[in-house]
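Comments concern the structure below.
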Amino acid sequence: MEKMEHFSHIHPLLLKWELRNVNERVICSGCEKTISGPVFSCDQCNYILHKTCAEMARHVKHPFHPEHPLVLLSTSPYEAPYICDSCRGRFQKFVYHCYICSYDLDVSCAAQCNPDDGHEHEFMSVTNPQSFVCYACGLQGNAGRACLCTICQIWVHSSCAELPPTVRIKSHDHPLKLTYALHHVYGFWGNITCGVCDGAMSAAFAGYFCSTCGFPVHLKCPQQDLRDECEAATEDEESSTDYEIEESLDIDFTCNFFGHEHLLKLTDEESDLPYSGKLCDGCIQPIMPPFLSCEEENCGFFLHQSCVELPRTKQHPFHAHPLTLLPKAPNYDGIYRCDGCKRLSNGFVYRCDVCQFDLDVCCGSLQERIEHESHMHPLLLKKTTVARQCIGCHRWSKHVFMCDVCEDFAIDCGCATLPRKAWHMYDKHPLSLNYFVEGGLREYECGICNEKTSPKQWLYYCDDCDSRAHPYCVEGKSRLVKFGGSVQYDVHSHPLDLVEGTEQETTCEACGECCNGWTLECDQCKCYFHREGQCFWKEFRKSAKYLELSGIMRHRYAANVLASTPNVTTK
């Protein structure tokens, strides 16, 4: 008897050609229709699937939603039943779902169209009354003349419809065949590299390939062999761009644009600055040329050239509203918690004032598709409708990188941006990030906090010392915080400097307790105040900035301050 391990059920399913001794109506756990014909059923419980439902593909590219592949889920991805975007029916069980667009198709609608691999049907030139996504190249098409396959119900550009089914190019010995589904050829949905121009091409769309050696080529590249021309053009463009940037930066910058009152000077020569501990005020990463620095002595303001050129506004996959780049978060002293990686920072922030949503420069500049050493397939940046558990730290998050092939693989932004190599004062050797479990389920002790490490979570290890450490212990809470800046607080008449800790035992002027951790220091009075904990929260609630806010804004503003104050409670 044929047996199947199905993703939707915990027990094995057995093939039965018909159900016997059934006196009542039996519903398929996939399509939610009455059972008829051969089925796969579970002998341990009442789970049953049509044979056709059990054999449905986990991933499909569908004409109804050509922008992204759809993945088959066993239940609705929402707390309530989902609504099919084709027939508008309500369903609870199997659904073909797009995590990017929250697009849903029930299994019956998904089965209506199934374009074959090479698309052998003829296209008909017609007028499309609305814009569309070309099923072949994946680019947007405007309303007007387009080509339609009436059998598969797919729309393509007129130029794409005229592509020859086979071509020959001078850089390859074998003929190339046109396919509308490269993922069938290469076995995954991510990006592959075009053999002609070396550019990325998506396996979710059409392309040319060699059936002999698997050589992939963009749709447009067979028109001529562009490798030499592309490389030459790229070099010319880069040299031209570098010249233009150098020319444009060879002036004095008034940094009101970045919220800084002094002129900035460009430095593009190699120096010892990368080893001097200086940090960029934008991304809070070590400074190296080319960068801009403040001409005022002892100001200590630095910016990478790349941070100067950051877009002022951007639309990010994590948020529905446009985000605006600010040189400082508008809470009490510019320290905020990034809603992407959950790290504290006082650098530049991409912010939505309507929703109090913040992203640091690193998360705000993440590419939407990446190759990560922890996984064999490309990962796609998404905000999911349901929180996913990160493979690296096991925390739950809706802001993750997900694999289109392996639907159970997801990593949050914090783990995705962990450095491959790290250093910590507890070990004189560099630490390497370990993604994979070694030695079964053995537990280790973190060399920093002395707590047990989980055998299923990522950790840093030292080959020389055979020691392990939690990533958050190696990073610390201050990785994206630049200390030393002066801020005027209501608690004191002079500006206070933020320091990570004091060299000697000091007491807080507000509460009289010892200052541990982040501390506010007055250089003139040599007095100190807590920057975290209950003391700071009490002082903040007395501030004029807090009291002038309306009720709802006071609540939102306080929540932002509390989020950036690790040890605070609101009691």
Side-chain angles (χ1 to χ4, degrees), residues 258-262 277-285 294 296-302 326-338 342-349 351 356 358 360 425 475-549 554 556-571:
F258 281 101
H260 192 70
E261 66 271 24
H262 307 140
K278 299 185 183 299
L279 299 175
C280 171
D281 282 84
C283 61
I284 318 298
Q285 297 297 311
C294 183
E296 294 291 323
E297 187 177 359
N298 300 323
C299 180
F301 187 86
F302 295 89
L326 302 177
K328 180 180 178 182
N331 50 322
Y332 198 51
D333 53 4
I335 298 176
Y336 65 95
R337 188 180 295 277
C338 173
K342 308 303 181 185
R343 296 186 180 102
L344 299 174
S345 176
N346 59 353
F348 287 6
V349 57
R351 180 173 176 82
Q356 301 283 301
D358 298 311
D360 61 37
M425 61 182 181
E475 278 196 310
K477 68 184 178 184
S478 306
R479 175 186 164 189
L480 295 180
V481 175
K482 183 174 181 178
F483 294 95
S486 296
V487 176
Q488 183 65 61
Y489 295 85
D490 290 352
V491 70
H492 193 64
S493 57
H494 304 139
L496 301 177
D497 295 338
L498 178 66
V499 296
E500 191 168 10
T502 56
E503 297 179 355
Q504 55 188 5
E505 286 193 8
T506 56
T507 57
C508 173
E509 293 290 323
C511 67
E513 299 292 333
C514 182
C515 287
N516 295 318
W518 293 1
T519 304
L520 302 174
E521 177 183 8
C522 178
D523 282 338
Q524 300 182 45
C525 304
K526 296 302 178 184
C527 60
Y528 304 87
F529 299 87
H530 284 119
R531 170 52 184 86
E532 55 184 345
Q534 191 63 258
C535 172
F536 180 80
W537 168 235
K538 290 179 179 178
E539 294 302 322
F540 165 72
R541 293 183 67 178
K542 302 176 185 177
S543 68
K545 196 168 188 177
Y546 177 77
L547 295 174
E548 69 186 11
L549 299 172
R554 184 180 295 181
R556 289 181 178 180
Y557 195 85
N560 200 325
V561 171
L562 291 174
S564 63
T565 309
N567 300 333
V568 159
T569 61
T570 56
K571 295 181 180 179

(message) Run the salt bridge (Lys or Arg N to Asp or Glu O under 4.0 Å) test against Lys482 and tell me which residues pass, sequence neighbours left out.
(response) Asp281
(message) Closer than 3.5 angstrom, by distance alone: can the side chain of Arg337 be matched with the main-chain N or O of Lys342 as a donor-acceptor pair?
(response) yes
(message) Minimum heavy-atom separation for Val499 and Phe483, please, with both atom names.
(response) C-CD2, 3.5 Å
(request) Name all residues meeting the ring-ring contact (aromatic ring centres under 6.0 Å, His included) criterion together with Phe529; count only those two or more places apart in sequence or in a different chain, and write none if there are none. (result) His492
(request) For residues Cys515 and Thr507, report the shortest heavy-atom separation together with the two atoms involved. (result) SG-C, 3.8 Å
(request) Can you see which heavy atom on Asp523 is nearest to which on Asp497, and at what distance? (result) OD2-OD2, 2.9 Å
(request) Mark yes or no for whether His530, through its side chain, and Glu509, through its backbone, hold a donor-acceptor pair below 3.5 Å. (result) no
(request) Could I get the full list of salt bridge (Lys or Arg N to Asp or Glu O under 4.0 Å) partners for Asp360, not counting sequence neighbours? (result) none
(request) Of all the heavy-atom pairs spanning Lys328 and Val349, show the shortest one and how long it is. (result) C-CG1, 4.1 Å
(message) On a heavy-atom basis, which atom in Ile335 and which in Asn346 lie closest, and how many Å separate them?
(response) CG1-CB, 3.9 Å
(message) Do Ser345 and Tyr336 make a side-chain contact, defined as non-hydrogen atoms from C-beta onward lying under 4.5 Å apart?
(response) yes
(request) Output, in order, the C-alpha distance, side-chain angles, deciding distance and verdict of side chain to side chain contact (heavy atoms under 4.5 Å, CB included) for Leu480 and Gln285. (result) CA-CA 8 Å; Leu480 295 180; Gln285 297 297 311; 3.3 Å; yes
(request) State, to 0.1 Å, how close Leu498 and Trp518 come at their nearest heavy-atom pair, and which atoms those are. (result) CD1-CB, 4.3 Å
(request) Output the distance between atom CD (Glu521) and atom NZ (Lys526), rounded to the nearest 0.5 Å. (result) 5.5 Å
(request) Starting at OG of Ser478, measure out to CD1 of Ile284 and round the result to the nearest 0.5 Å. (result) 11.5 Å
